[in-house]
Amino acid sequence: MEAIVLTTAKDLVVEELREAIYTGQLRAGQELIQHEISEQLGVSRMPVREAFLILQSAGLIEVQKNKRAIVKSFSQDNVSEHLEIRTLLECRAAEKACKRAPNFDELFTVQEKMEHCNEEKEFRILNRDFHFILWSMAKSPKLEDMLKQLWFSMPSVYPKDFRKNLQRNIKEHAAILKGLQLRDAKKTAKAVAEHINQSKQMVISRLEEDDNI
C-alpha cells in the first residue's frame with residue numbers, strides 16, 4: 001500500500017484496503033490495526049475507522065467485540081456471484097436513467113477527465129464517480145444504496161497494465177454514454193452488462209495470476 005496524497009481520505013483508504021485484500025497483501029485472518037494503517041497511508045485515524053465500517057458492511061472484514069478488525073475469506077465463486085448481481089442491478093439503474101435523467105452532462109465531464117487521466121488513483125476515483133453518478137440518475141434511492149453496497153464489497157483489483165485498463169474503461173464508458181444519449185434503454189443496459197463482464201474477466205484473471213484464491 002502507498003501513502004495517500006489526495007484529499008478524499010476515507011474513500012481512498014477503502015480503495016487501498018480493498019485492493020490489498022483482493023491481491024493478497026492482506027490475507028484472511030489478518031488483523032488490521034488502525035494506527036498502523038493511518039501511519040502507512042498518511043491519514044488520521046478517523047478515515048481509517050470510517051473505512052472499517054464500510055468494509056465491515058461490505059463483508060470484507062469482521063470487527064469483533066474487542067474491536068479487533070479481521071480480514072474475512074472469499075472465493076472466486078463469491079466474486080463471480082457478486083458481479084452477476086451487480087450486472088442485474090446496474091443494468092436496471094441504467095434503464096431508469098435513460099428515462100429519468102434530464103441530461104448526462106455530469107457523466108460526460110467525468111469521461112473527459114478520464115480521457116486526460118495520468119494516475120491510477122485518479123482513475124479509480126473517476127471510475128467510481130462515473131458509476132455513482134449513473135446510479136443517482138436512476139432516481140431510485142433503494143437501488144442506488146444496493147449498488148453502493150455491492151461496489152464497496154466488490155474486488156478492487158486492477159490489471160498491472162494501468163494504461164491498457166484505462167483505455168478499456170474509456171471505450172466501454174463511451175458505449176454506455178452513447179446509449180444514454182440515444183435514450184435507448186436496451187442499448188445502454190447491454191453496454192453496462194458488457195462493461196461489468198469485462199471487469200469480471202479481468203478481476204478473475206488477475207486473482208488467478210496472483211494465486212490468491
Side-chain angles (χ1 to χ4, degrees), residues 8-22 47 49-63 69 71-107 110-111 114 123-158 169 172-173 175-177 179-180 183-204 207 213:
T8 54
K10 179 194 68 177
D11 292 339
L12 285 172
V13 171
V14 171
E15 287 292 320
E16 290 289 336
L17 292 177
R18 282 197 306 146
E19 182 168 13
I21 290 170
Y22 279 99
R49 285 196 293 269
E50 293 172 340
F52 279 10
L53 292 175
I54 291 171
L55 294 172
Q56 180 184 27
S57 178
L60 293 183
I61 70 173
E62 177 184 0
V63 179
V71 177
K72 296 179 70 174
S73 61
F74 69 97
S75 69
Q76 185 171 320
D77 287 342
N78 296 149
V79 172
S80 296
E81 183 179 27
H82 164 92
L83 291 174
E84 287 169 5
I85 294 170
R86 183 185 151 198
T87 299
L88 294 173
L89 296 181
E90 189 158 350
C91 284
R92 184 58 180 152
E95 291 170 346
K96 287 178 176 287
C98 276
K99 300 175 182 178
R100 298 178 177 179
N103 60 67
F104 306 104
D105 294 348
E106 285 186 86
L107 286 175
V110 173
Q111 178 78 345
M114 191 175 288
F123 159 69
R124 293 186 196 183
I125 294 171
L126 291 170
N127 185 52
R128 179 204 63 196
D129 288 350
F130 184 92
H131 290 278
F132 278 33
I133 291 168
L134 175 60
W135 304 340
S136 71
M137 288 177 172
K139 300 189 185 304
S140 177
K142 183 63 176 178
L143 181 57
E144 184 178 354
D145 286 345
M146 292 172 70
L147 280 163
K148 285 183 178 179
Q149 174 78 11
L150 286 168
W151 178 273
F152 287 119
S153 62
M154 76 176 187
S156 175
V157 183
Y158 295 89
N169 276 270
E172 292 170 7
H173 287 181
I176 294 170
L177 286 168
L180 291 169
R183 301 282 179 176
D184 187 329
K186 185 176 180 180
K187 185 181 185 71
T188 305
K190 181 180 179 182
V192 167
E194 290 176 351
H195 176 47
I196 299 176
N197 185 60
Q198 286 299 315
S199 296
K200 174 184 173 181
Q201 298 305 317
M202 175 270 293
V203 168
I204 291 176
L207 289 172
I213 292 183

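Hydrogens, waters and symmetry mates play no part in the numbers below; they use all other heavy atoms, side chains included.
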Enquirer: Evaluate the side-chain hydrogen bond (donor to acceptor under 3.5 Å, both in side chains) criterion for residues Gln149 and Ser57: first the C-alpha distance (whole Å), next the side-chain angles of each, then the deciding distance (0.1 Å), finally the verdict.
Expert: CA-CA 8 Å; Gln149 174 78 11; Ser57 178; 3.1 Å; yes
Enquirer: What I'd like to find out is whether the side chain of Arg18 reaches to under 4.5 Å of the side chain of Arg124, using heavy atoms alone.
Expert: no
Enquirer: Kindly indicate whether the side chain of Ile125, heavy atoms from C-beta on, has any atom under 4.5 Å from the side chain of Leu12.
Expert: yes
Enquirer: Hey, what do you get for NZ (Lys148) to OG (Ser136), rounding to the nearest 0.5 Å?
Expert: 7.5 Å
Enquirer: For the residue pair Ala94 and Val192, what are the closest heavy atoms and their distance?
Expert: CB-CG2, 3.8 Å
Enquirer: At their closest point, which heavy atom of Ala93 faces which heavy atom of Ala138, and how far apart are they?
Expert: O-CB, 3.4 Å
Enquirer: Return the set of residues passing side chain to side chain contact (heavy atoms under 4.5 Å, CB included) with Glu84 (not counting sequence neighbours), or none when no residue passes.
Expert: Ser80, Lys200
Enquirer: For the CD1 atom of Ile54 and the CD1 atom of Ile61, what is their distance to the nearest 0.5 Å?
Expert: 10.0 Å
Enquirer: Would you say the side-chain atoms of Glu172 pair up with the backbone N or O of Glu194, donor to acceptor, closer than 3.5 Å?
Expert: no
Enquirer: What's the shortest heavy-atom distance between Pro102 and Lys139, and which atoms?
Expert: CD-CE, 4.4 Å
Enquirer: Identify the two heavy atoms, one from Ala101 and one from Arg183, that lie closest to each other, and give their separation to 0.1 Å.
Expert: O-NH1, 2.7 Å
Enquirer: Using the side chain to side chain contact (heavy atoms under 4.5 Å, CB included) criterion, which residues pair with Glu106? Sequence neighbours excluded.
Expert: Ile133, Met137
Enquirer: According to ring pair (Phe, Tyr, Trp, His ring centres under 6.0 Å), who are the partners of Phe104, at least two apart in sequence or on a separate chain?
Expert: none
Enquirer: With sequence neighbours left out, write down each residue that passes salt bridge (charged side-chain N to carboxylate O under 4.0 Å, His left out) with Lys96, or none if nothing qualifies.
Expert: none
Enquirer: Under the side chain to side chain contact (heavy atoms under 4.5 Å, CB included) rule, collect the residues that match up with Glu62, sequence neighbours excluded.
Expert: Gln64, Lys72
Enquirer: Looking at Glu81, I'd like to know if its CD atom is crowded, meaning that more than 12 non-hydrogen atoms belonging to other residues, nucleotides or ligands lie closer than 6.0 Å.
Expert: no
Enquirer: Over all heavy atoms of both residues, which pair between Val13 and Ala51 is shortest? Give the atoms and the distance, please.
Expert: CG1-CB, 3.4 Å
Enquirer: What distance separates Asp145 CG from Lys142 NZ, expressed to the nearest 0.5 Å?
Expert: 6.5 Å
Enquirer: For the CG atom of Asp11 and the CD atom of Glu16, what is their distance to the nearest 0.5 Å?
Expert: 12.0 Å
Enquirer: With side chains defined as the heavy atoms from C-beta onward, is the minimum distance between His173 and Asn127 less than 4.5 Å?
Expert: yes
Enquirer: Taking the inter-plane angle between the rings of Trp151 and Trp135 on a 0 to 90° scale, is it parallel (under 30°), tilted (30 to 60°) or perpendicular (over 60°)?
Expert: perpendicular
Enquirer: Strictly distance-based, threshold 3.5 Å: is any side-chain N or O of His82 a donor or acceptor partner for the main-chain N or O of Leu150?
Expert: yes
Enquirer: Quick one: are Ile176 and Phe130 in side-chain contact, heavy atoms under 4.5 Å?
Expert: yes
Enquirer: List in chain and number order the residues that pass side chain to side chain contact (heavy atoms under 4.5 Å, CB included) with Ala193, two or more places apart in sequence or in another chain; answer none if no residue qualifies.
Expert: Thr87, Cys91
Enquirer: Any side-chain heavy atom of Leu134 within less than 4.5 Å of one from Leu180?
Expert: yes
Enquirer: With side chains defined as the heavy atoms from C-beta onward, is the minimum distance between Arg92 and Met146 less than 4.5 Å?
Expert: no
Enquirer: Step by step, work out the salt bridge (Lys or Arg N to Asp or Glu O under 4.0 Å) result for Lys99 and Glu95.
Expert: CA-CA 7 Å; Lys99 300 175 182 178; Glu95 291 170 346; over 6 Å; no
